[in-house]
Amino acid sequence: MLTYTLRRLLMLIPVLLGMALIVFFIIHAIPGDPAQIILGQQATEENVEALNEQLGLNEPLYVQFFSYLGNILTGDLGESFQTNNAISEEVWPFLAATIELSFVAMLIAIVIGVNAGIISAWFQNSWFDYSAMLLALIGVSIPIFWLGLMEQWAFSVELNWLPSSGRENVRDPVEPITHLFLIDTLIQGRLDQFVDVVRHLILPSVALATIPMAIIARITRSSMLEVMKSDYIRTARAKGMRMFGVVYKHSLKNAVIPVLTIIGLQTGLLLGGAILTETIFSWPGIGRYIYGAIDARDYPVIQSGVLIVATMFIFINLIVDLLYAAVDPRIKYH
Amino acid sequence: MSQVAENQSPLQPSSQHDEVVSPWLDAWRKFRKNKLALFGAITVIFFIILGILSPWIAPQGINDQNMANTLQAPSSSHLLGTDDFGRDVLSRIIHGARISLWVGFLSVVGSIVMGCLLGILAGYYGRWVDTIISRLFDIMLAFPSILLAITIVAVLGPSLQNALIAIAIINVPNFGRLIRSKVLSVKQEEYIMAAKAIGMKDSRLLMKHILPNSISPIIVQGTLSIGTAIIEAAALGFLGLGAQPPQPEWGQMLAESKAYITTAPWTMIFPGLAIMLTVLGFNLMGDGLRDALDPKMKH
Amino acid sequence: MKKWKLAMMMLLIFTLSFALIGCGGDDDESGNGSDEEKILIFGRGGDSVTLDPAKATDGESLKVTANLYENLVTYGEEDTSINPQLATEWEVSEDGLLFTFKLREGVKFHDGTDFNAEAVVTNFNLWASDLESYYYYNSQYGDGNNGTIIEEVKAIDDYTVEFKLTRSQATFLQNMAMDSFGIASPAAIEKYGEDFKKNPVGTGPFKFEEWKEEERIVIVKNEDYWKEGYPKLDKVIFKPIADNQARLNALFTGDIDLMDGISYTDIAQVTSKSEFQMFERKSNTIGYLGLTNTREPLDNKLVRQALNHAVNKQEIADAFYGGYAVPAINPMPPLINGYHEGVEDYAFDVEKAKSLLAEAGYGDGFEMELWAMPVPRPYMPDGRKVAQLLQKQFEEIGVTAEIVSYEWGTYLDKAKAGEADAFLLGWTGDNGDADNFLYTLLGKDNIGSNNYAYYGNEEVNDLLVQAQTETDTAEREKLYMEAQEIIKDDAPWIPLVHAKPSVAGKENIINYIPHMTGNESLEKVDFK
Amino acid sequence: MSKTLLQVHNLKKHFPIYGGILNKKVGEVKAVDGLTFSVKEGETLSLVGESGCGKSTTGRLIMQLIEPTDGSVIFEDQSLTELSKKQVRLTRERMQMIFQDPYASLNPRHSVQKILEEPLIVHGIGSKEERKQRVKEMLEVVGLSSYHAKRYPHQFSGGQRQRIGIARALMTKPKLIIADEPVSALDVSIQAQVLNLLQDLQKKFQLTYIFIAHDLGVVRHISKSVAVMYLGRIVEIADSETLYNGALHPYTKALLSSVPIPDPTIQKESIPLSGDLPDPSKPPQGCAFHSRCEACMDVCKTQKPTLMEVEKDHYVACHLYEEDKQFNDK
Amino acid sequence: MTSILQVKGLKTTFFTDEGNIPAVDDIDFHLDEGEILGIVGESGCGKSVTSLSIMGLVPNPPGKITDGSITFQEEDLTKASEKRMREIRGNEISMIFQEPMTSLNPLFTIGNQLIEAVKLHEKVSKQKALHRVIEMLKVVGLPRAEEMVNEYPHQLSGGMRQRVMIAMAFICNPKILIADEPTTALDVTIQAQILHQMKELNRKRNTAVMLITHDLGVVAEVCTRVIVMYCGQIIEQADVNTIFQSPKHPYTIGLLQSVPDIREKRSRLFSIKGNVPKPGSIQKGCRFAGRCEQAHDRCFAEDPPLYKGDGQGHQVRCFLHESIEEAHHVEDTITSP
């Protein structure tokens, strides 16, 4: 198990290096001069030139790449062109916002998705099964940016039930400790703020949860159905076990493996793919942070931001793989 | 010889009249029985026909502006209302069908071609070729795909064509991996061993046995991916990185009418519905194809 | 049965979620009653980059610093006339090379240190020491050769400062009032060093309290403000919400009190609701369609004139500015001194346009690219839409325009390189002076810089350069009027509209006057 | 005496096991570990043994479908291991294979016509018409009808599919056929049909078979000589009559007595062999069978016995008979 | 000897897209206390469906018992509630399956799965159950029982897993064990061990065993009585010696002759011509008629009944043996209740 973990970690090195390389060169292939963009439309030529010099953008590309690589290896993610802040310090609030949102979205997706999948499999071909699966199919067919706008329109503008954007009540902002507001408000015992944070979370997290929820429901169902056909389920029933026990003890644990994979993949996708949701709901997350940086050609931010997201993605999937081993004793890692 | 013939007349007399059921025919029969899949296929065909015939059936052209008649609610003259240029929303959605389907289809074909090439190379030759290609896929998959698409479009410049290229690129690893694993598993099948045992060359083996047997998951995945690609194109259009005005691409229509969500929601609701229905059609059809062609394949 | 348990759990989850939705559905009170703190939340499109105004290059930064800092002189509430602020009076020498300011006494910085002549000297010397970082100082007072036209800033006594110039500058005072030149506490500059941009200390009506990036900037009432009875508000929170629609929703749900950058299409929504009102900002912008003068067939003046005739500007103003814009005739807005009222615009006349085209040898029309910026700008909220309208209007005269868009940075780069045929662009005035429009945008010297249209008329350039050093106001205005006439005839652009980028807010906000520069002090703003 | 068609000498196949952080080779499974035997033209040699003994691997090694780690395969006086890939391919015209699973060994997307003519196409035999003709003929030969050519594998029953598999193997008129468990997936009544067919074909086309099976009854019925394998090695090889009537190796004996006899009057009470097959990646030291052998001696635990000719044409790898042999030699 | 299980007119049909397939079509048999009854037949003959029908585990949909009764200790199992069936399964009637590799849940330890089997039917502490489990594992000849309870199925060999399955089946002392091809997937040496084990347990605990197999050798070795099935029907039924020494049905005869015998080399095996008809494709007449060398016109037109009773319970479904019925008709009616 340990060796497997180590081996997997070792295998990450070329992936991360390759990633750094690709990000670097794609980003530098984007036309447009960062200095010009930073200084704006109304800047003079000399100012632009001077800023380029200052940012080290006059060096040959490979020199820039290696210095960037060297910096990363020493844990220095660089400084944002726009704010001149160290990215390693600047990025956490954004990351935390995305993590919080993704976590809640994933929680919704898993709780509803897994249960819907189980019930559908259990009552295969019932009206519940049909409607749940049709809903799931619609779920994967909806453009989430559209869903987000519709949600906003319905629940925020028309009904005025929930706030349409942001993470917190601007009039009574959360005092950040971890930047995970759900935790921060609880630590501070501010239940009113906690409720407020939850209210802000609902619309974006539901929009974000839609696709994974649908996918999880579908996978859970098909994987449950497959498991329920298996020989050991027949054995369990031949022992005299009742269906509920069979489903929740024997089937679910076996069915959970493909679901785990999907949860891992989807969580990773959420982390980076939240750009659209974050834009629509003004969620100050990592997706918008990077997207904004692309607009501004803030090379260090794009590079480091993408690397952080990708690394998280990879690690989440690594954790999922390791979870398999916990669930499934057959996967014995030498 | 006589002995052989004598002992072997084992077939039931009726069997001569059995019809020949090819795997494709068999799949079609299964597909036909699946009502949801059929509904999906009909939806897809409906939009395809809409797209093909759009110049003839759309009541108005793509850019027939009428500034005196903007943001009209749905009525008998404009079934789905008009947008901020006074253009007929229905007409634009009909024209948009062509764009969305075209982008979806072409980008998926692009992904399949590139993915197949890389996937086969990786799966068939293995070793370092596999390592390199697989790592490349890993890297690409670790990127948040929409971010990758945005970056690619940023490099190439925003246009429908470049959005198409970006979408094709980001979906390559999905197909590549699929084909690689399929090639690997087909390679293990006994009929491949059998084909080798009759002395078949690798190239023929690949073309005649491995590829045809890998094709059904590609068709299934391809169908599902057209749906995803349409959404991705719409997302890029929505961010202003895809189709350029006045092209009536659905995502770009959404972006243009976003501001009217409270005052003229029809400009927003209908293009969104069009995307959803089309994608739903492809998803239903893909699911049906999966059940018909490749029942073992997972969702 | 465990199935029941499951069902009960589901039910519980649903009930809980409805409870969550329900609670607080009606608590959108702004919390601005008389006994409570008066808090104003200002929603805007983006976050500040820095809170050091001298280093800021973006409007969002200056929007905040305008409340934290004060300049020696300031603009009028509704125009760009020069008024005293930290300086109570000033004198100019005959040759225009010596400016002497009398400073206000008894003013303190937020950190408690005194404002005096030494502070002014320190600030100006600091700016002069690093022209790269102090961008506006360089652009307004630089001499173009890494030097500055301010030779010396001298403290005559505690409350008298003297500026000695190397050459006369007509816009010296005009520039001095720019928000960039707010006077900062020397002690704080010393104390914070690099971090000063996050710890601003000025003399303004509000003190800095907190900056949480992408989330909010909070400034609070400066109790020791020298202007008796101001500010009225206790606290102002600047809240970035990038999406226009989301920002508007936030206004409607009561999350914010004021929002700028409202989509013109949404104005009707605001005015239809009695709880909300619009504030009109005077135009300091020009939105135009540049016709790159060096590219075929736009190098032909007749073609450019024809295109000018083909455009219905009023339609653009109505459709995409909700009426909050006026059709543009000259390359600068009418409020600027030197604006030529007498210039007559090319009439919207399709036949005339066609005949001009025919005369130029393009009777059958031609094809060109029509560039539209991908991002909303203060002078043009939706370039792509304007482009579509223009495309349609050009089609009428047989010109086929293909709409092209690049990512914003690329767009500027390429346009600057002269790669565009016709391109949408615009300008927001920096200091309310004609020079900042005419010379910057159309001076031949600025080709490759802000003269994106590659308009290279020597005569115009000479007039504009001459105006830069002319200190006599009337004489200066004459020079500019002359230039405007020639420009009209040359038609390097199609000036489209002067936008009035308006602000929407709650009905109970009073005394809020948006300034044409885009930034204003909120000291007088109050709730009813 | 007919001449030797196939000679296998010291054939080995070791599959590596990878592990550790760097995924290095940490061990190996000796699936086939030094086989030596030969087959004469027109005869049938059977390889028997329990699952995991390496018999199927041996079949594939002979066909050169997998690359041997060591040893040589000489077919018609040609050493296959020394041939180029292309030359090996060409030898397959004379050397064909039948597989265990008639469901899996036929490409589900090809019609019977396509499946059968493929060997001809691959080896460039005949025109299109001739090939069609030959397919028809061969279908009749294996007891199917020519109209079956248009159908697809899933339309046939297991027995019929196996006939198709056999027909495919015969298309190029090979000399040697390696039959890898050709009847073990079939029902008893069908199994008999296929076995009879194989025998008839052998007579008709003078075929040589290497017959791989685990069913000792079937093996006895069809083979001229039998080799018994245990954990990658041959423990006993002899003429089939000799082996069935006078097996020498304890394993062979146990194996034979384990087979249930369809005669209720014979009552066996003792179990012939206890314990399980050892892990092939960690075979016991010395004789691989010693852990289950009733006659195990000390020497068995340390030394691997070699295959020796104990009687004429009867080879055994067992220490029990080594002494006899040595004694005889003296 | 008393019958512990009585199956009468059992009919199990599968409702599929291709039509309704009667997998088991009107079968009658009984299982006596302590006996080992063999059910032989080729694949698709309905022998497995018979056993699943008894257990009430026919996959539904598509399968369903459509007719007949299964009487276990005077209780008709076809009418028993699911709750009652659960009490019976594993406790009174247990079952082991063909594939020991897949019949155990890979994610739970052996101990866990066996303890579960005990606790489902008896209220005992976990400790006690574990004790029982370890003992049972020893009974079925697994030496390292104490360690094995903490191991997972994949750590065991096929033979060991099948022993675990047997232990699981016997742990509640069932009255009946249904063994569905328990040794088919195993090597001969292991098969011998497992068969031996089952015989031992049958003898010691007097559990009636229903052994389903296609291997006539296994039948001869283990069973006391044999039922031969073909296409969902019983075609011959007799005690084991009778079946092997004087089989009557042409199919049984053919089957016996097609088995290659290890004891002698025959120049040529007898083979039954043709293939097993596809399920559902049976037309009227004897189901074997198409493959039968002795078939005559009547065989194709009429379905032969199961002729019962030569006194020793030898029953045959073949017109050739109509005479048995006539000869012993009177006797039969007297003995049967």
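- Of the two parts of E:Q257, neither the backbone nor the side chain holds a non-hydrogen atom closer than 4.5 Å to a non-hydrogen atom of chain D.
- Contact count against chain D (heavy-atom pairs under 4.5 Å) is highest for E:I190 among E:D261, E:I190, E:I243.
- For E:V240, the parts sitting under 4.5 Å from any heavy atom of chain D are the backbone and the side chain alike.
- For the pair D:Q191 and E:S271, the minimum side-chain heavy-atom distance is 4.5 Å or more.
- Heavy atoms closer than 4.5 Å to chain E are found nowhere in D:L186, neither backbone nor side chain.
- In this structure, chain D has no heavy atom under 4.5 Å from any part of E:Y251.
- E:R263 has a carboxylate O that lies under 4.0 Å from a charged side-chain N of D:D263, or vice versa, which qualifies the two as a salt bridge.
- Contact annotation for D:S157: only side-chain heavy atoms (C-beta onward) come within less than 4.5 Å of a heavy atom of chain E.
- E:Q193 and D:L273 get closest at one heavy-atom pair: NE2-O, 2.6 Å.
- Proximity to chain E involves both the backbone and the side chain of D:E50, based on heavy atoms less than 4.5 angstrom apart.
- Proximity to chain E (any heavy atom under 4.5 Å) is shown, for D:S184, by neither the backbone nor the side chain.
- Heavy-atom pairs under 4.5 Å with chain E were tallied for D:L216, D:V219, D:V218; the largest tally goes to D:V218.
- For E:Q191, the part lying near chain D is the side chain, with the backbone staying farther off; criterion is any non-hydrogen pair under 4.5 Å.
- Here the side chains of D:S189 and E:R291 are in contact, with some heavy-atom distance below 4.5 Å.
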